[in-house]
Trainee: 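This structure is in structure tokens; I'll ask about it shortly.
All heavy atoms count here, side chains included; hydrogens, waters and symmetry mates do not. Every chain is numbered from 1 and lettered A, B, ... according to where its sequence line falls, protein lines coming before strand lines.
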Number of protein chains: 2
Amino acid sequence: MDRMDTRRTRGAGPDLAAVARLLADGTRAAFCLALLDGRAWTATELARHAGVAPSTATEHLHALVRGHLLTEERQGRHRYVRLAGPQVAELVESLASLAPEHRPAPRSLSADGRRRALAHARTCYDHLAGAVGVAVTDAMIGRGLLDPAHGLGLTGAGAAWLADLGIGVPPGTRRPSVRPCLDWTERRPHLAGAVGAALCRHAFDAGWITRVGSTRAVAVTPAGRQALHRHLGLPGDLLAGR
Amino acid sequence: MDRMDTRRTRGAGPDLAAVARLLADGTRAAFCLALLDGRAWTATELARHAGVAPSTATEHLHALVRGHLLTEERQGRHRYVRLAGPQVAELVESLASLAPEHRPAPRSLSADGRRRALAHARTCYDHLAGAVGVAVTDAMIGRGLLDPAHGLGLTGAGAAWLADLGIGVPPGTRRPSVRPCLDWTERRPHLAGAVGAALCRHAFDAGWITRVGSTRAVAVTPAGRQALHRHLGLPGDLLAGR
DNA sequence: GGGACGTTTCGGCGGGCGCCGAAGTGTCCC
DNA sequence: GGGACACTTCGGCGCCCGCCGAAACGTCCC
């Protein structure tokens with residue numbers, strides 16, 4: 001029997017495998033995890049982040065762009081890449097959530113700490129996730145700012161609340177203003193979409209939250225605790241972390 | 001520089017890549033797509049389905065079980081495997097939804113037809129998805145059988161409605177009785193969880209829907225159209241497909 | 001123009017891994 | 001017991017592909 005015949009593994013096969021193969025490499029996976037912060041990175045930044053030569057990074061980025069997981073944007077001698085969309089971010093998140101690191105009974109103490117920090121509060125693409133993200137969403141529903149009956153649509157009161165905080169939501173965006181996004185720790189929808197992104201950006205700008213090191217985990221600052229208590233009635237102990 | 005140092009690709013790397021690598025092979029992907037019907041398959045069935053030797057299938061199944069994507073159950077000389085849970089099914093679905101086959105502007109006419117059939121109605125793990133699945137869920141919300149305010153919880157009227165149809169939902173199950181599941185065609189939650197599974201099973205048993213060939217696509221039968229119109233008020237033309 | 005720098009292309013190397021067939025183990029049933 | 005059958009283990013083959021460094025290309029800025 002001809003060998004070529006049996007080697008359909010890498011060649012034809014279901015298209016599903018082609019997408020998975022893009023994320024099956026440690027370096028490309030590291031790129032996507034880094035890009036999960038929603039920002040655009042240059043090729044060199046990603047190369048240094050993952051610890052590979054620039055030429056290697058170029059090849060990986062080509063593959064990811066060709067596979068429609070990333071979009072690129074050239075500016076002068078720089079090449080910026082970002083995740084191609086929320087679906088890609090969700091895919092990366094759900095892959096990570098099935099990894100051994102996030103399975104019950106974690107191995108090491110440091111891994112456990114990392115896991116808990118991420119479960120508490122983190123960015124998911126461009127909005128807040130984790131226990132804090134879910135708590136914020138629940139509080140907004142409880143105060144009538146979001147309408148759970150219409151896919152977490154923004155109510156009139158919600159729009160006023162945002163305006164009151166000085167949070168503007170770009171109206172021209174194609175994305176639905178709010179969109180539920182399942183959380184891997186809570187398995188419950190939380191606030192994504194344009195509103196979620198705007199809220200998250202404001203929380204960073206106003207110093208409510210800060211990034212923990214260079215990870216996706218975030219910490220709620222004392223000012224953030226105060227603000228979230230005043231504006232949403234969230235209890236201080238929930239936001240204290242741990 | 002030592003070569004071992006730079007070869008962290010396959011070895012260490014982010015755990016995300018390890019999960020993706022399990023689905024990055026055409027044969028393993030074919031296994032998971034087949035298992036997406038929610039049933040348990042034997043190793044030999046899967047081997048024949050994917051066109052590989054039994055020994056090859058064994059190795060793949062070991063990898064998938066070790067990676068917690070599949071669970072196994074030995075019965076006599078048979079080894080049954082099934083997807084490890086709804087999260088895995090969702091992962092496989094979202095990988096497939098990002099594959100070129102499901103991207104806008106499909107290539108061939110046959111691929112287009114397949115795509116449309118799947119978009120219309122299909123099984124997703126153990127419940128209904130596609131336009132029909134979403135329509136059923138919407139109708140149930142509209143009739144007060146599901147409560148969108150509590151994560152698509154079953155209302156009292158909903159429980160009575162199910163009982164009236166003779167649909168029993170196993171109470172001992174750990175899974176939440178209803179659970180939203182995002183649809184790749186509609187990008188909207190539809191009815192999953194124990195209730196979704198029971199409803200889907202009943203629809204098959206009562207002859208409301210039938211499988212199209214050996215794919216995951218399903219067709220609504222004339223009897224099914226009648227039943228869905230009577231019990232949920234769904235219009236006949238929506239269910240006619242195409 | 002010329003140097004600095006971000007990015008790309010290309011060759012070459014080497015390990016990982018998916019494939020098979022043959023032989024071995026366990027289960028079922030006559 | 002003995003044969004059929006589902007599954008597993010093992011050895012070997014060969015391709016895929018990720019890695020690098022060197023050199024080329026573009027852009028920017030002095």
Trainee: Going from CG on A/Leu16 to CD on B/Glu93, what distance comes out if it is rounded to the nearest 0.5 angstrom?
Mentor: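 The distance works out to 9.5 Å.
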
Trainee: Determine the contact category for A/Arg48: base if any of its heavy atoms lies under 4.0 Å from a base atom, sugar-phosphate if only primed atoms, P, OP1 or OP2 are that close, otherwise nothing.
Mentor: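 Here A/Arg48 touches no strand at all.
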
Trainee: Nearest whole angstrom, please: distance from the C1' of C/dC28 to the CZ of B/Arg77.
Mentor: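 After rounding, the gap between these two atoms is 5 Å.
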
Trainee: What is the distance from CD of A/Gln75 to P of D/dC28, rounded to the nearest Å?
Mentor: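 From A/Gln75 CD to D/dC28 P: 10 Å.
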
Trainee: Does a nitrogen or oxygen in the side chain of A/Thr56 sit under 4.0 Å from OP1 or OP2 of D/dC20?
Mentor: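 Indeed, a polar side-chain atom of A/Thr56 lies that close.
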
Trainee: To the nearest Å, give me how far apart CZ (A/Arg74) and C1' (C/dC5) are.
Mentor: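 Distance check: A/Arg74 CZ to C/dC5 C1' gives 15 Å.
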
Trainee: Please check the phosphate of C/dG16 (OP1 and OP2 only) for any side-chain N or O of B/Arg21 closer than 4.0 Å.
Mentor: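 No, B/Arg21 has no side-chain N/O under 4.0 Å of OP1/OP2 on C/dG16.
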
Trainee: With a 4.0 Å cutoff (strictly under), does any side-chain N or O of B/Thr27 reach OP1 or OP2 of C/dG18?
Mentor: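 Indeed not, no polar side-chain atom of B/Thr27 lies that close.
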
Trainee: Between OG1 of A/Thr27 and CD of A/Glu59, what distance do you get to the nearest 0.5 Å?
Mentor: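 Those atoms lie 11.0 Å apart.
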
Trainee: Please give, in whole Å, the distance from C/dC20 P to B/Glu59 CD?
Mentor: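 In whole Å, C/dC20 P lies 10 Å from B/Glu59 CD.
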
Trainee: Would you say A/His60 reaches D/dC17's phosphate, i.e. side-chain N/O to OP1/OP2 under 4.0 Å?
Mentor: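 The answer is no; no side-chain N or O of A/His60 sits under 4.0 Å from OP1 or OP2.
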
Trainee: In the structure I gave you, are the side-chain heavy atoms of B/Leu23 and A/Leu23 within less than 4.5 Å of one another anywhere?
Mentor: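 SC-SC contact between B/Leu23 and A/Leu23 ruled out.
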
Trainee: Of all the choices, D/dC19, D/dT9, C/dC20, which nucleotide is nearest to the side chain of B/Val52 once you look at every atom?
Mentor: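 Closest nucleotide among those given: C/dC20.
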
Trainee: B/Glu45 CD to D/dC5 C1': how many Å, rounded?
Mentor: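 It is 14 Å, rounded to the nearest whole Å.
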
Trainee: Rounded off to whole Å, could you give me the CG-to-C1' distance for the A/Leu46 and D/dG18 pair?
Mentor: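 Distance, rounded to whole Å: 17 Å.
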
Trainee: Quick check for you: to the nearest 0.5 Å, what is the distance between A/His127 atom NE2 and A/Leu199 atom CG?
Mentor: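 So the gap between those two atoms works out to 11.0 Å.
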
Trainee: Measure from the side-chain heavy atoms of A/Thr58 and tell me the nearest of C/dT8, D/dT8, C/dG21.
Mentor: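 Among C/dT8, D/dT8, C/dG21, the one nearest the side chain of A/Thr58 is C/dT8.
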
Trainee: For B/Arg28 and C/dG16, give me the distance from atom CZ to atom C1', rounded to whole Å.
Mentor: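 Atom CZ in B/Arg28 sits about 12 Å away from atom C1' in C/dG16.
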
Trainee: When the distance from CD of A/Glu72 to C1' of C/dG6 is rounded to whole Å, what number comes out?
Mentor: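 Result: 14 Å.
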
Trainee: Could you check A/Ser55 against B/Tyr80 and say which one's nearest nucleotide on DNA chain D is further toward the 5' end?
Mentor: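 Nearest-nucleotide comparison on DNA chain D picks B/Tyr80.
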
Trainee: Which nucleotide sits closest to the side chain of A/Ala53: D/dA6, D/dG21, C/dT9?
Mentor: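 The nucleotide sitting nearest to the side chain is D/dG21.
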
Trainee: Is A/Arg39 paired with A/Glu45 through a side-chain N to carboxylate O contact shorter than 4.0 Å?
Mentor: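 A/Arg39 and A/Glu45: not salt-bridged.
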
